[in-house]
Amino acid sequence: MEIKSNKFKNFCKRYGALTLAGVFAVAIALTVALTVGASTNQVSTSNLSFQVPMNNAEIIKDYSDQKLQYNAMVNKWEIHLGIDFASPTDSSVMAVLDGEVTDVSSNSLEGNIVEITHDNGFKSVYSSLGDEVLVKEGDVVKKGDKIGEASNSAGREFDDENALHFVLMKDGVEVDPNEYLDLGNK
Ligand SMILES: [Zn+2]
């Protein structure tokens, strides 16, 4: 009996140790899997490092999807699903990310417009460009490539100031560029 019970105790010790080892192994494997998964997600978003579309850019009208802002040109209070930029030193407008030019158009309300399609469902749209647009549909552009200059061609927003109406879209919906562009001290 004494011997048998010792054997049983030894068995329990071994079996218990194995079970514990097994639980630890599963826990470690899960932790590694979750960590790798999480960091993979982070990498895929942090790779999208947008640049600001103008040098020394100043925000002259910020994004607002709820708060109404007054637009003197049309005498209306309205939401503003983009950011208006102007620069005191350089009117150049640059692509915010690598991509392909998927539309170049023009109308009297928004002026000359360039649309660039990027990876991960992003599109950037630049309105109120001057008449000299430097890209055409189908062009592949790199982040920082100049596509045109800010002007007052968007008659519905700008009078005599040269500015850029910039829109960022994700999966077909306007998003707040403040969440993607580093506008910290701009
Ligand atoms: Zn605007």
Side-chain angles (χ1 to χ4, degrees), residues 45 48-186:
T45 33
L48 296 173
S49 99
F50 294 86
Q51 81 153 60
V52 180
M54 295 183 78
N55 291 321
N56 299 314
E58 291 170 358
I59 295 178
I60 57 171
K61 191 193 278 183
D62 208 346
Y63 177 95
S64 61
D65 60 357
Q66 302 200 345
K67 194 186 80 171
L68 300 177
Q69 302 187 63
Y70 183 64
N71 179 345
M73 295 299 287
V74 292
N75 189 26
K76 271 186 187 166
W77 288 84
E78 53 192 18
I79 57 170
H80 191 242
L81 299 180
I83 294 182
D84 293 344
F85 291 106
S87 168
T89 58
D90 184 0
S91 58
S92 301
V93 172
M94 285 89 62
V96 294
L97 198 66
D98 294 359
E100 183 184 336
V101 177
T102 41
D103 198 31
V104 176
S105 62
S106 180
N107 67 65
S108 60
L109 295 178
E110 299 163 86
N112 299 301
I113 309 161
V114 168
E115 174 197 272
I116 301 176
T117 298
H118 314 282
D119 288 342
N120 294 63
F122 283 102
K123 264 183 193 179
S124 54
V125 185
Y126 314 75
S127 310
S128 199
L129 297 174
D131 286 335
E132 200 183 342
V133 173
L134 303 175
V135 291
K136 59 183 188 312
E137 198 175 325
D139 282 356
V140 171
V141 292
K142 287 276 169 205
K143 174 167 80 172
D145 282 356
K146 183 174 174 178
I147 60 172
E149 301 212 342
S151 82
N152 62 349
S153 67
R156 103 174 280 295
E157 275 201 302
F158 310 124
D159 190 0
D160 54 3
E161 62 190 333
N162 294 328
L164 164 72
H165 176 84
F166 174 77
V167 171
L168 187 64
M169 305 185 83
K170 166 88 170 137
D171 302 325
V173 179
E174 291 92 347
V175 292
D176 186 350
N178 288 287
E179 290 176 19
Y180 298 91
L181 272 53
D182 182 13
L183 300 172
N185 50 3
K186 296 290 190 300

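Remember, it's a predicted structure, so these values are computed and weren't measured experimentally. All ligand and atom numbering here is 1-based and tracks the order in the structure.
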(Q) Hydrogens and angles aside, do N56 and T89 bring a side-chain donor and acceptor to less than 3.5 Å of each other? (A) yes

Q.
Could you check whether T117 and E100, counting side-chain N and O atoms only, form a donor-acceptor pair closer than 3.5 Å?
A. no

Q. Any Lys/Arg nitrogen of E78 or R156 sitting under 4.0 Å from an Asp/Glu carboxylate oxygen of the other?
A. yes

Q) Taking atom types as modelled, is there a side-chain donor on N152 or D160 under 3.5 Å from an acceptor on the other? A) no

Q: Count the heavy atoms belonging to other residues, nucleotides or ligands that lie under 6.0 Å from CG of D119, then report whether that count exceeds 12.
A: no

Q) Counting no waters, how many protein N/O/S atoms sit under 2.8 Å from the Zn ion (ligand 1)? A) 6

Q. Only one of E157, K61, K67 clears side-chain hydrogen bond (donor to acceptor under 3.5 Å, both in side chains) with H80; which?
A. E157

